[in-house]
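Take a look at the structure set out below.
Throughout, numbering of the chain's residues begins at 1 and tracks the sequence.
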Amino acid sequence: MSTIKSAAVALAALTVVGLGASPALAGDMGKLQPAAQTCSASGGTFYCGGDYGDGKTYVTLSDGTKQIFVIGTDHNVWTTWTPPKGSQVPWMSLGGTNDFISKVKIVNKKGDAFSIASRSAAINADVYRDRSAGGAWSAWWTYAVPRG
């Protein structure tokens, strides 16, 4: 009788542990994702962990300027850069959709012209912003709502 009682207690304990673990796995078809957290670097605070990875995306321009892009705690894109013979400029918001949930990606880089992208939670799609070779930025756009 005590063996049956012990087995029942063990089964109940496993059931409780299993139920406690289920919500963490349910969101991504059984893959456990690390939770997002905040990190600090270069005088800014931004999201890292989970889909944000290390949180920082770098690009080096032809003149040697190093630019960094992050998702700030307001869920928008922020950037700063350091010229080769100068000091880091203050962080600047590039705005966004207020709901970016992934690390910034650099896409379509051609010289100093490129696009940045991050995933919007509201539309579950990447949203882009283009930088011209001269440094001008376009408005935000997505393939769901094409430019022009």
Side-chain angles (χ1 to χ4, degrees), residues 9-148:
V9 169
L11 182 58
L14 287 173
T15 303
V16 169
V17 169
L19 290 175
S22 297
L25 299 176
D28 193 14
M29 302 290 286
K31 291 191 326 190
L32 185 59
Q33 294 291 325
Q37 57 190 4
T38 56
C39 295
S40 296
S42 303
T45 301
F46 50 90
Y47 284 108
C48 58
D51 288 338
Y52 296 101
D54 68 2
K56 301 171 285 202
T57 300
Y58 296 93
V59 67
T60 301
L61 303 176
S62 61
D63 69 355
T65 297
K66 296 192 184 322
Q67 191 164 6
I68 179 175
F69 299 90
V70 301
I71 302 298
T73 56
D74 61 354
H75 292 276
N76 283 319
V77 174
W78 286 77
T79 189
T80 185
W81 58 93
T82 305
K85 293 182 180 176
S87 54
Q88 177 183 324
V89 301
W91 283 95
M92 177 179 92
S93 176
L94 291 177
T97 58
N98 296 315
D99 70 342
F100 285 134
I101 56 172
S102 69
K103 181 177 179 174
V104 177
K105 298 177 281 195
I106 304 292
V107 293
N108 302 325
K109 187 168 183 339
K110 294 180 182 117
D112 286 348
F114 56 88
S115 299
I116 59 172
S118 185
R119 182 151 297 272
S120 164
I123 62 172
N124 195 29
D126 285 343
V127 181
Y128 301 84
R129 192 161 184 194
D130 305 321
R131 182 193 186 274
S132 72
W137 288 94
S138 73
W140 288 97
W141 62 275
T142 182
Y143 286 109
V145 182
R147 295 174 280 185

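With rounding to the nearest 0.5 Å, the separation of OG1 in Thr79 from CE in Met92 is 6.5 Å. Put simply, CD on Gln67 and CD1 on Ile116 are 8.5 Å apart, with the number rounded to the nearest 0.5 Å. Put simply, CD1 on Ile101 and OG on Ser120 are 7.5 Å apart, with the number rounded to the nearest 0.5 Å. Residue Ser132 holds its OG atom at 9.5 Å from CZ of Phe114, rounded to the nearest 0.5 Å. How far OG1 of Thr80 is from CD1 of Ile68: 8.0 Å, rounded to the nearest 0.5 Å. Put simply, CG on Asp54 and NZ on Lys103 are 3.5 Å apart, with the number rounded to the nearest 0.5 Å.
The two atoms that bring Trp141 and Ser138 nearest to each other are CD1-OG, 4.1 Å, heavy atoms only. Asp130 approaches Ser115 most closely through the heavy-atom pair OD1-OG, 2.5 Å. When every heavy atom of Ser118 is checked against every heavy atom of Ile71, the shortest pair comes out as OG-CD1, 3.8 Å. In this structure, Ala113 and Ala133 approach most closely via the heavy-atom pair CB-N, 3.7 Å. Taking each heavy atom of Gly55 and Val70 in turn, the nearest pair found is O-CG1, 3.5 Å.
Panel note: side chain Asp112, backbone Ser62; a donor-acceptor pair is recorded below 3.5 Å. In this structure, the side chain of Thr142 engages the main chain of Asp126 through a donor-acceptor pair within 3.5 Å. In this structure, the side chain of Asp99 engages the main chain of Ala122 through a donor-acceptor pair within 3.5 Å.
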Evaluate the criterion side chain to side chain donor-acceptor pair (under 3.5 Å) for residue pair Asn98 and Asp74; output intermediate values, then yes/no. CA-CA 6 Å; Asn98 296 315; Asp74 61 354; over 6 Å; no

Lys109 vs Val59, side-chain contact (heavy atoms from CB on, under 4.5 Å): CA-CA, chis, key distance, verdict: CA-CA 9 Å; Lys109 187 168 183 339; Val59 67; 3.3 Å; yes

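Leu94 places a side-chain heavy atom less than 4.5 Å from the side chain of Arg129. In this structure, the side chains of Ser42 and Trp91 come closer than 4.5 Å at one or more pairs of heavy atoms.
Taking Tyr52 as the reference, Tyr47 meet the ring pair (Phe, Tyr, Trp, His ring centres under 6.0 Å) condition, with sequence neighbours excluded. When the ring pair (Phe, Tyr, Trp, His ring centres under 6.0 Å) test is applied to Trp140, the partners found at least two apart in sequence or on another chain are Phe100.
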